[in-house]
Amino acid sequence: MALLEHRLPQNVAGDFFVDESCIDCDACRQIAPETFRDHGDQSSVGRQPSGPDEIRRALMALVACPTASIGTVSHQNAREASRAFPDNVFDDVFFCGFTSEASFGAWSYLIVRAPEDGGNVLVDSPRFAAPLVRRIEEMGGVALMYLSHRDDIADHAKFAAHFHCPRVMHQGDGAAGLGIEQVTTGEAPVQLGADLISIPTPGHTRGHQVLLYRRQALFTGDHLAWSPARETLIAFRDACWYSWSVQTRSMERLLDYRFEWVLPGHGRIHHAPPAEMHEHLAGCVAWMKTRS
Ligand code: SF4
């Protein structure tokens, strides 16, 4: 719970505030950009929300914050905001909100599919929060949990136990020691369903993998994201825990695939026609080769 006595001085005056426990994960700035801003190494309220829509988005950011760093001076009912997650990104793909500090606020997603198509897929793990779990139950539960890599697994065991769903994770990230039901190995893509391909992308971690859905959306974990500052796709050079040269090679292999959505754990979501996305990806590979 955010503490008023620890309110950051950078907040503008008013009801909403961020306290000093903020870990700068960027979630609030993506969810309610009209309210929250980056003032350096943390977020603060740059403008108080006005009107029901802005207040609703600010409350959704409050609910999603991994460290409960967002508070309000007055009593605000966040019940509706809690039920707003999973929040639609496009078609049958939803952002789960309720990020976890254990994953440094990484984003997780729910793909909603009919049971005859294999059922819903939870991509990486959100916080195991009761309102979210209830909403996911209402949306059909979880048939498969896909874990991109070891950093973003948060409450995976609780979700797997609650929804009785198998988890998919790569051997290179210690999947066997975590009791993962479906352990992927090697560097060959694995077809997980008619519309799902797991693509190993070692580099950020040894066992990192990304998920291609319907040849339309790529769930990229911490491998690839959009940078609004550079207006292109990027990889995180300073957060590469295994091998930059291996990650560069993994990125190059992604050029063989077409997709129009990039949905990362950290960094920004991006949507563009496949040819444009491919160009950005090629540019990212070229940039990575200059940074080794
Ligand atoms: S969501 Fe919470 S931790 Fe993340 S930047 Fe905003 S206030 Fe900070």
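These figures come from a predicted structure and were not determined experimentally.
Put simply, the side chain of Thr99 gets close to the backbone of Ala64: a donor and an acceptor are under 3.5 Å apart. Listed for the Asn120 side chain is no donor-acceptor partner under 3.5 Å among the backbone atoms of Val142. With hydrogens and angles disregarded, a donor-acceptor distance shorter than 3.5 Å links the side chain of Glu54 to the backbone of Ser50. Using modelled atom types, one side-chain atom of Ser250 and one backbone atom of Pro202 make a donor-acceptor pair closer than 3.5 Å. Side-chain atoms of Thr72 do not come within 3.5 Å of backbone N or O of His75 as any donor-acceptor pair. Panel note: side chain Asp15, backbone Ser74; a donor-acceptor pair is recorded below 3.5 Å. Arg237 contributes a side-chain N or O that, together with a main-chain N or O of Arg291, makes up a donor-acceptor pair within less than 3.5 Å. Between the side chain of Glu260 and the main chain of Ala272, no donor-acceptor pair closer than 3.5 Å is present. A donor-acceptor contact shorter than 3.5 Å links the side chain of Arg253 to the backbone of Pro200. Side-chain atoms of Asp155 come within 3.5 Å of backbone atoms of Phe128 as a donor-acceptor pair (strictly under, hydrogens ignored).
Between the side chains of Ser198 and Gln209, at least one donor-acceptor pair of N or O atoms lies under 3.5 Å. Counted by atom type alone, Asp151 and His204 present one or more donor-acceptor pairs between their side chains at under 3.5 Å. For the residue pair Ser125 and Ser108, no side-chain donor N or O sits within less than 3.5 Å of a side-chain acceptor on the partner. Between Asn11 and Ser44, the side chains place no donor N or O within less than 3.5 Å of an acceptor N or O (distance only, hydrogens not considered). Remark: the Glu137 side chain and the His162 side chain contain an N/O donor-acceptor pair separated by less than 3.5 Å. A side-chain N or O of Asp222 and one of His149 form a donor-acceptor pair less than 3.5 Å apart.
At most 12 non-hydrogen atoms from other residues, nucleotides or ligands lie less than 6.0 angstrom from CZ of Arg215. The number of heavy atoms from other shown groups lying within 6.0 Å of CG (Asp41) does not exceed 12.
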Report the C-alpha separation of Tyr213 and Asp195 in whole Å, then their side-chain angles, then the decisive distance to 0.1 Å, and conclude whether the side chain to side chain contact (heavy atoms under 4.5 Å, CB included) test is met. CA-CA 6 Å; Tyr213 174 53; Asp195 52 4; 3.4 Å; yes

Evaluate the criterion ring pair (Phe, Tyr, Trp, His ring centres under 6.0 Å) for residue pair Phe95 and Phe85; output intermediate values, then yes/no. CA-CA 7 Å; Phe95 163 48; Phe85 293 113; 5.6 Å; yes

Between Asp152 and Ser103, is the side chain to side chain donor-acceptor pair (under 3.5 Å) condition met? List the steps. CA-CA 5 Å; Asp152 293 354; Ser103 306; 4.6 Å; no

Yes or no on ring pair (Phe, Tyr, Trp, His ring centres under 6.0 Å) for Phe236 and His223, after CA distance, side-chain angles and deciding distance? CA-CA 7 Å; Phe236 301 107; His223 180 68; over 10 Å; no

Under the side chain to side chain contact (heavy atoms under 4.5 Å, CB included) criterion, do Leu3 and Glu20 qualify, and how do the steps go? CA-CA 9 Å; Leu3 298 174; Glu20 58 193 28; over 6 Å; no

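Salt bridge present: Arg29 and Asp26 bring a charged side-chain N and a carboxylate O closer than 4.0 Å. The residues Arg56 and Glu80 are annotated as salt-bridged, a charged nitrogen and a carboxylate oxygen being separated by less than 4.0 angstrom. In summary, Lys289 and Glu252 engage in a salt bridge, as defined by a charged side-chain N under 4.0 Å from a carboxylate O.
Separating the CG atom in Asp87 from the CZ atom in Arg57 is a distance of 5.0 Å, to the nearest 0.5 Å. For the atom pair NE2 (His280) and CG (Leu224), the distance works out to 11.0 Å, reported to the nearest 0.5 Å.
Looking at heavy atoms from C-beta onward, Arg214 lies in side-chain contact with Asp91 at the 4.5 angstrom threshold. The closest side-chain heavy-atom distance from Leu110 to Pro86 is below 4.5 Å.
The two atoms that bring Ala239 and Trp241 nearest to each other are CA-CH2, 3.5 Å, heavy atoms only.
If you look at Tyr146 and Phe219, their ring centroids are not closer than 6.0 Å. Checked against the 6.0 Å centroid threshold, His278 and Phe259 do not count as a close aromatic pair.
Under a cutoff of 6.0 Å and an axis angle of 45°, Arg230 and Trp287 form a cation-pi pair.
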